[in-house]
Amino acid sequence: MVILNVLMHKSIILNFLLIFQISKYTCESPNKANHEKQKYTRASQWTHYLELIDGAVSKYEDCYNEGCACFASVLSDDFAVWHQREQVTQDDFNAARSYGVHYQIINHKLYRQDDCMFPFRCSGVEHFILEIMSELPDMEIIINVKDWPQVSLHQKPLPVFSFSKVPDHHWDIMYPAWTFWEGGPAVWPIYPTGLGRWDLQRDIITRAAEEWPWDKKEDKAFFRGSRTSAERDPLVLLSRREPDLVDAQYTKNQAWKSDEDTLYRPPATEVKLEEHCKYRYLFNFRGVAASFRYKHLFLCNSTVFNVGNDWLEFFYPALKPWVHYIPVKPDLSDARDLLLFAKHNQEAVKKVADRGRQFIIDHLRLEDVSCYWKLLLQKYAKLLSFKPTLNNNYKQIKGS
C-alpha cells in the first residue's frame with residue numbers, strides 16, 4: 001500500500017509538470033514568438049530607407065575645395081542658355097534693366113544706380129564684389145535683390161542675377177545670397193539686424209552644437225517659423241497630435257494679424273538658430289523662395305529633414321539626399337514615417353547628420369562664397385558682346 005501511494009504521488013507530480021510544460025508552451029511561447037516577429041517586422045519596415053542611404057553613400061564622392069569645384073555644375077547649368085546663344089548682347093542687357101539693380105564695374109571700380117529697394121541687401125552683395133574687384137574685368141550687371149526670381153522660362157532669357165530660383169521655371173543666374181554677409185531676415189528680437197555674417201553664425205552655432213552632442217539632444221523633430229505658406233501646416237498639425245514626436249509651431253511674421261495666421265493657435269516665441277541644436281531632427285522648408293536657415297541647420301550636427309527640392313541656392317545641388325540630409329515629400333505625407341525611421345535607426349541618421357555638417361564646414365566657408373562670386377562674374381563677363389560705358393549719374397561704391 002505504501003508503494004502504491006508513492007507511485008500515485010509521483011504520477012500526480014509528473015502530470016503537474018507535464019501540464020506546466022504544456023501551459024508554458026501554449027501561453028508563453030506564442031508571446032515570445034510574436035515579440036520576435038514584431039522585432040523582425042520593425043527591422044524590415046526600415047530596410048527601404050536604409051538601402052536608400054547605403055546606395056546614395058556608395059555612389060557619393062566628396063568634392064574638392066580648390067576653385068570652388070563643388071558648385072561648378074551650377075555655373076554650367078545657369079550659363080548653358082547663354083553659351084547656346086554665344087553672347088549677351090546690349091539688347092539683352094537693356095531688356096533686363098527693369099528686373100533689378102544696375103551695377104557697373106569699370107577699371108576695377110564698382111558703380112551703382114542710386115536707388116536700391118533693400119539697402120542692406122545691396123550692401124551684402126557689394127561686400128563680395130568689392131572683395132574681388134581687382135580680379136574682375138569691365139562689365140555691367142543686373143542684380144535682383146528681391147526674394148523672388150524675375151525671368152520666367154515662358155519668356156526669352158534675360159541676364160538677371162537672383163539668389164534663388166526653380167530651374168524648371170526660371171532663367172535667372174544664381175549668385176550667393178546677400179545673407180552670407182548682411183541683409184538677412186530680421187527676426188525681432190532675436191536677430192534685429194538680420195541673420196548676416198555667415199562666418200560669425202558658423203562659430204556661434206558650432207559652439208552650441210558642442211554643448212548638445214547627439215546623446216544629449218532631445219529625440220524629437222523641431223521647427224519654428226512663420227506661416228509663409230500652408231505647406232508647413234501638416235508638420236504643425238502632426239506636432240499637435242504627437243508632441244513627443246515633433247515640436248513644430250508657428251511664430252509671427254510681418255503680416256500677422258490674428259491667431260488665424262498661426263493656424264488658430266497663439267504665436268510661439270522665436271527660437272535662436274543655435275538653440276535648435278537641442279533637437280536631433282530639424283525641418284527645413286522653403287520660404288518665399290529658398291530658405292535662408294538651411295545652411296545654418298547643418299551646423300547643429302542634427303539630422304536635417306529637407307522638405308521638397310524645387311527651390312535652389314547655388315550650393316544646394318552639391319548636397320545630396322540620404323547622404324547629407326533626409327528628403328521629405330512636399331506634402332509631408334512621409335514625414336511621420338521618416339521620423340519613426342530616424343528614432344529606430346539612430347546610428348544611420350546620425351551619420352547623415354555628421355556628413356551634412358562636415359560638408360558645410362568644409363565647403364561653404366566665406367572664402368568659398370567669394371570664390372563662387374569670382375568665377376560667376378568672370379564667366380559672365382566673357383559672354384558680354386559690348387563694352388560698358390560709365391554712367392556719370394551712378395555713385396561709386398567703396399568698401400567700409
In this structure, OH of Tyr281 is separated from CG of Leu245 (nearest 0.5 Å) by 9.0 Å
Looking just at side-chain N and O atoms, do Thr89 and Asp92 make a donor-acceptor pair shorter than 3.5 Å?
yes
Do Leu50 and Val323 belong to the same hydrophobic cluster, where Ile, Leu, Val, Met, Phe, Trp and Tyr are linked whenever their side-chain heavy atoms lie under 4.5 Å apart, directly or via other members?
yes
Report yes if the distance between the aromatic ring centroids of Trp373 and Trp178 is under 6.0 Å, otherwise no.
no
Given side-chain contact (heavy atoms from CB on, under 4.5 Å), test Asp368 with Asn65 step by step and report yes or no.
CA-CA 7 Å; Asp368 300 312; Asn65 272 332; 3.7 Å; yes
For residues 263-282, the salt bridge (charged side-chain N to carboxylate O under 4.0 Å, His left out) pairs (sequence neighbours left out) are Asp219-Arg280
Determine the minimum heavy-atom distance between Val349 and Phe341, stating which atoms define it.
CG1-CE2, 3.8 Å
Side chain to side chain contact (heavy atoms under 4.5 Å, CB included) partners for Ala177, two or more places apart:
Phe163, Thr179, Phe292, Glu313
Heavy-atom closest pair (Gly100 atom, Gln113 atom, distance to 0.1 Å) is O-OE1, 4.0 Å
Can you tell me how far the OG atom of Ser162 sits from the NE2 atom of His170, to the nearest 0.5 Å?
8.5 Å
Go through the structure and list residues passing side chain to side chain contact (heavy atoms under 4.5 Å, CB included) with Asp331, not counting sequence neighbours.
Lys329, Ser333
Is it true that, when you exclude Tyr49 itself, more than 12 heavy atoms of the residues, nucleotides or ligands shown sit nearer than 6.0 Å to its OH?
yes
How would you list all residue pairs meeting ring pair (Phe, Tyr, Trp, His ring centres under 6.0 Å) that involve residues 218-245, not counting sequence neighbours?
Phe222-His276, Phe222-Tyr279, Phe223-Phe285
For Pro321, side chain to side chain contact (heavy atoms under 4.5 Å, CB included) partners two or more places apart:
Tyr325, Pro327
Are Lys387 and Thr389 side-chain neighbours, meaning at least one heavy-atom pair lies under 4.5 Å?
no
Can you name the nearest heavy-atom pair linking Ser291 to Asn284, along with the distance?
OG-OD1, 2.9 Å
Could you tell me which non-hydrogen atom of Leu312 sits nearest to which non-hydrogen atom of Pro167, and how far apart they are?
CD1-CG, 3.3 Å
Considering residues, nucleotides and ligands other than Tyr60, do more than 12 of their heavy atoms fall under 6.0 Å from its OH?
yes
Between Phe315 and Tyr294, how do the two ring planes meet: parallel, tilted or perpendicular, split at 30° and 60°?
parallel
Determine, for Asp247 against Arg224, whether the closest basic-nitrogen to carboxylate-oxygen distance falls under 4.0 angstrom.
yes
Of all heavy-atom pairs linking Ser370 and Phe128, the shortest is OG-CD2, 3.6 Å
Would you say the side chains of His324 and Asn306 form a donor-acceptor pair under 3.5 Å?
no
Check which hydrophobic residues are tied to Tyr264 through side-chain heavy-atom contacts below 4.5 Å, counting indirect links as well, and list them.
none
Please step through side-chain contact (heavy atoms from CB on, under 4.5 Å) for the pair Leu136 and Gln378, ending with a clear verdict.
CA-CA 6 Å; Leu136 298 178; Gln378 288 176 341; 4.1 Å; yes
Sub-4.5 Å side-chain heavy-atom contact between Val246 and Ser239:
yes
Is the NZ atom of Lys146 crowded by more than 12 outside heavy atoms at less than 6.0 Å?
no
Considering only NZ, NE, NH1 and NH2 on the basic side and carboxylate oxygens on the acidic side, decide whether Asp203 and Arg207 come within less than 4.0 Å.
no
Fit a plane to each ring of Phe305 and Phe283, take the angle between them on a 0 to 90° scale, and name the class: parallel (under 30°), tilted (30 to 60°) or perpendicular (over 60°).
parallel
Can you sort out the partners of Glu135 under salt bridge (charged side-chain N to carboxylate O under 4.0 Å, His left out), two or more places apart, ordered by chain and number?
Lys374
For the residue pair Trp171 and Gln155, confirm or rule out a side-chain donor-acceptor distance under 3.5 Å.
no
If I take atom SG from residue Cys277 and atom CD from residue Glu210, how far apart are they, to the nearest 0.5 angstrom?
10.0 Å
Give me the other members of the hydrophobic cluster that Trp212 sits in, counting Ile, Leu, Val, Met, Phe, Trp and Tyr linked by side-chain heavy atoms under 4.5 Å, directly or via other members.
none
To the nearest 0.5 Å, atom CZ of Arg112 lies from atom CD1 of Ile105 at 13.5 Å
Verify whether one side chain among Asp354 and Gln358 offers a donor that lies under 3.5 Å from an acceptor in the other.
no
Shared-cluster residues of Leu263, by chain and number - hydrophobic side chains joined below 4.5 Å:
Val236, Leu237, Tyr250
Parallel under 30°, tilted from 30 to 60°, perpendicular over 60°: which one fits the rings of Phe161 and Tyr175?
tilted
Closest non-hydrogen atom pair, Ile360 against Trp198:
CG2-CZ2, 3.6 Å
Could you tell me whether Asp147 and Arg121 have a side-chain N and a carboxylate O separated by less than 4.0 Å?
yes
Given the rule that I, L, V, M, F, W and Y join up when any side-chain heavy atoms are under 4.5 Å apart, are Tyr103 and Phe120 in one cluster?
no
Show every donor-acceptor pair shorter than 3.5 Å between a side-chain atom in residues 69-79 and any protein atom, with sequence neighbours excluded, or say none if there are none.
unit_1: Ser76; atom_1: OG; unit_2: Ala72; atom_2: O; d: 3.3
unit_1: Asp78; atom_1: OD1; unit_2: Lys165; atom_2: NZ; d: 2.7
unit_1: Asp78; atom_1: OD2; unit_2: Met174; atom_2: N; d: 2.9

Would you say Ile143 ends up clustered with Val288 if hydrophobic residues are merged whenever their side chains have heavy atoms under 4.5 Å apart, either directly or through other cluster members?
no
Donor-acceptor check, side chain of Lys156 to backbone of Leu153, threshold 3.5 angstrom: yes or no?
no
For Glu242, salt bridge (charged side-chain N to carboxylate O under 4.0 Å, His left out) partners two or more places apart
Arg336
side-chain contact (heavy atoms from CB on, under 4.5 Å) between Val145 and Met117, intermediate numbers included
CA-CA 8 Å; Val145 291; Met117 183 181 295; 5.5 Å; no
Got Ser302 and Lys217 here, is their nearest side-chain heavy-atom distance under 4.5 Å?
yes
Is there a side-chain contact between Met133 and Leu110, using heavy atoms and a 4.5 Å cut-off?
yes
Verify whether the ring centers belonging to Phe298 and Phe359 lie closer than 6.0 Å.
no
Distance under 6.0 Å and angle within 45° of ring axis: Lys295 vs Phe180
yes
Side-chain contact, heavy-atom cut-off 4.5 Å: Val307 with Glu231?
no
Non-hydrogen side-chain atoms of Arg227 and Arg232 separated by less than 4.5 Å
no
Cluster partners of Leu390, using ILVMFWY side-chain heavy atoms under 4.5 angstrom, listed by chain and number?
Ile106, Tyr111, Tyr394
Indicate yes or no: at least one non-hydrogen side-chain atom of Gln201 is less than 4.5 angstrom from one of Tyr191.
yes
With a 4.5 Å cut-off on side-chain heavy atoms, are Gln87 and Leu384 touching?
no
Give a yes-or-no answer on whether the side chains of Tyr99 and Asp172 include a donor-acceptor pair shorter than 3.5 Å.
no
Could you walk me through whether Trp322 and Lys59 pass the side-chain contact (heavy atoms from CB on, under 4.5 Å) test, one step at a time?
CA-CA 11 Å; Trp322 303 110; Lys59 296 176 183 177; over 6 Å; no
